[in-house]
Amino acid sequence: MSDMQTQTGEPLLRIEGLTKFFPVSGGKRLFAVNKVTLEVGKGETLGIVGESGCGKSSMGRTILKVYEPNEGKIVFDGKDITKLSRKKMLPYRKRMQMIFQDPYASLNPRLTVGDIIEEPMTIHKIGTPASRKAKVQELIGVVGLKPDHIRRFPHEFSGGQRQRIGIARTLALEPDFIVCDEPISALDVSIQAQVINLLERIQKERGLSYLFIAHDLEMVHHISHKIGVMYLGHLVEYGDADEIYKRPKHPYTQALISASPVADPKSAREKHRIILEGEVPSPLDPPPGCPFSGRCPHVRDECRQILPDMYDYAGRKVACLQYSPKAQGITLQ
Amino acid sequence: MTETELTRKLLPEEKNDEFIAIESETFLQAAWRKFRGNKRALIGMVVLIFVVLAALFGPFLCPFSYETQLPEKNAPMSLLHFFGTDKFGRDIFVRILYGARISLSVGFVAAIINLIFGTLYGGIAGYVGGKLDILMMRLVDIIYSVPPTLYVVLIMLMFGPSVTSVMIGISISSWMGMAQIVRSNVMSLKEQEFTMAAFVLGAGDSRILIKHLLVNTMGPIIVTVTLMVPQAIFTEAWLSFLGVGISAPMASWGTLAQDARSLIEVYPMQTVFPMLAICITIFAFNFVGEGLGTALDPKQKH
């Protein structure tokens, strides 16, 4: 895992202060993604965790410009793509792709598997019809399906197989970066392992970068080099995967990790669970100050007034006032 | 959980023994299999094929033309005149065969215009959405608010009474249903992940609309078209019966029924035959439409 962590120079993807809001009735705005800044290096996996509705998927979609970002910058391979038109975006579409959550909804039921995998190459006018067919054959093999599956329709496959068809379609364009939007959450546990292994193998072979969105912390820890934790549209903790998993600093991350089940009953008994009070506030009506202030066990008065920045602390970035330079008593030199 | 435990959990490598036992079926093959199992639909289809063939080739096999006036008027059914003759001595059977041509072509042309126009209109409104959708759908509401007969009568006044006028009139007043069906289907399909997948892959609007959205609306579209044919035939027959449709010497089934109306007390069969033709054809179309509806619905297996 750590052999891929070494990276040099400009990251493959950098987003700065990325914000996406949706107008809702009554003139209000729903901030799905709120000033998120992060990077994904070449050959690296960044795992994004957070509970449902925290804006993980919206962030992935905004990065791929399915949703137009409202503020902030998306820089891919050194080029600012935030404002690119749909047409100018085409060459980047070849390099930035997506694997979807629901393998039942993400494949057009009226197309054969072969047509589905070939379509991206047709759209981008890659190769001749014959070479495209050969490529489809190759990709079917890469994802572990059989050549005679090409003429079949998506409904004839199981969830795991469908997810692999989706992966083959994504790989047809030979992208450098893939947003994996909860690719395993709709699958059985045994199938999850297959798909994860496949994704890891492809990454090793092709040096791909992933933005891996999930809510299973265990799985994200396993596959990721870095982890970002999101809460109510904000990135609250971001840094090395092992560090965050073993020594979480943000109270929300701590609660999230304490809630993940442990297989060993002995250590499970010893484990201290942090039970959060209350509900996730509505993103339409977030609390002033820190978004987590309403449920935080360590909440202080200032938390309800000041929105924390991402502070550097213990080798990561944390958006919590207890780690602010002031709270740490660090004075600027 | 330690690293080793996790690896163990993940180890079972993908086994390559997956195979699918059932024969691969395309969408249309599956639809045909389901359609075949439906007796009523099958009977409807056989009747329709018979009616269409009779309309196309029947008149060539008959010794009389539809306007030939024979000496024997109001003749009863016989081997020479299957359905007898009317008050001018014209063979009713031959006139019904010719009437089938007119009635069916009005039905098919109206259905095809509806298919093309309604699908595009509804597809664009549903796909683009927003203000354009609101505007387009309000226009549909306005067209709906005028009774369909009025369109036909107005067009007849403008272009004169002809088959074409009837076709245009019926088409104008009946494409909105198709547009609404296509629009609502497209609206729900465009929220599906495969549409987003096509967008992320870089597909253009026309590709997404046709290849991903409309192709998946094929079932409802085919059913609507099939049911639009009898509806148009019925409208035409009814207009002709009222006397605003197709006029002499050409005859649709509606005109034939209208012609015979004055003699209904003396020679009732002259009215009954054209009406039977209308009934049988409309029933057949409805059975086929209903069968297609079940056959093309992917949720219904048998």
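Computed over heavy atoms, backbone and side chain alike; hydrogens, waters and symmetry mates excluded. Here is how names work: the chains are called A, B, and so on, in the same order as the sequence lines, proteins then strands, and each is numbered from 1.
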Handout entry: Distance-minimising heavy-atom pair for A:Ile123 and B:Ala203
Key = CD1-CB, 3.5 Å
Completion exercise
B:Ala197 and A:Ser106 have their tightest heavy-atom pair at CB-O, 4.1 Å
Practice task
Please check if atom CZ in B:Phe50 has more than 12 non-hydrogen atoms from other residues, nucleotides or ligands closer than 6.0 Å.
Solution key: no
Handout entry: CZ (B:Phe35) with more than 12 external heavy atoms under 6.0 Å
Key =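 Yes, CZ of B:Phe35 has more than 12 neighbouring heavy atoms, counting only those of other groups under 6.0 Å.
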Exercise for the section: Sort by residue number and list every member of residues 182-194 of chain B having a non-hydrogen atom under 4.5 Å from chain A. Expected result: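 The stretch touches chain A at B:Gln192, B:Glu193, B:Phe194.
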Handout entry: B:Leu201 vs A:Gln97 side-chain heavy atoms within contact, under 4.5 Å
Key = yes
Does any backbone or side-chain atom of [X] lie under 4.5 Å from a heavy atom of chain B? Answer side chain, backbone, both or neither.
X        : value
A:Leu173 : side chain
A:Thr170 : neither
A:Lys94  : neither

Fill in the blank from the handout: Of A:Leu107, A:Asp148, A:Leu64, A:Val179, the largest count of non-hydrogen pairs under 4.5 angstrom with chain B goes to A:Leu107
Exercise for the section: Count the heavy-atom pairs under 4.5 Å between each of A:Leu90, A:Asp181, A:Asp102 and chain B, then report the option with the highest count. Expected result: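 When all of A:Leu90, A:Asp181, A:Asp102 are compared, A:Asp102 has the most.
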Exercise for the section: Check the pair B:Lys211, A:Glu119 against salt bridge (Lys or Arg N to Asp or Glu O under 4.0 Å), reporting the backbone distance first and the verdict last. Expected result: CA-CA 10 Å; B:Lys211 231 182 155 173; A:Glu119 188 179 24; 5.3 Å; no
Handout entry: Pairs meeting criterion side chain to side chain donor-acceptor pair (under 3.5 Å) with involvement of residues 194-206 of chain B, two or more places apart
Key = A:Arg86-B:Asp205, B:Tyr127-B:Asp205
Fill in the blank from the handout: Separation between CZ (A:Arg61) and CZ (B:Phe199), nearest 0.5 Å, reads 12.0 Å
Problem - Atom pair CG (B:Asn216) and CG (A:Leu111), whose distance is rounded to the nearest 0.5 Å - result: 7.5 Å
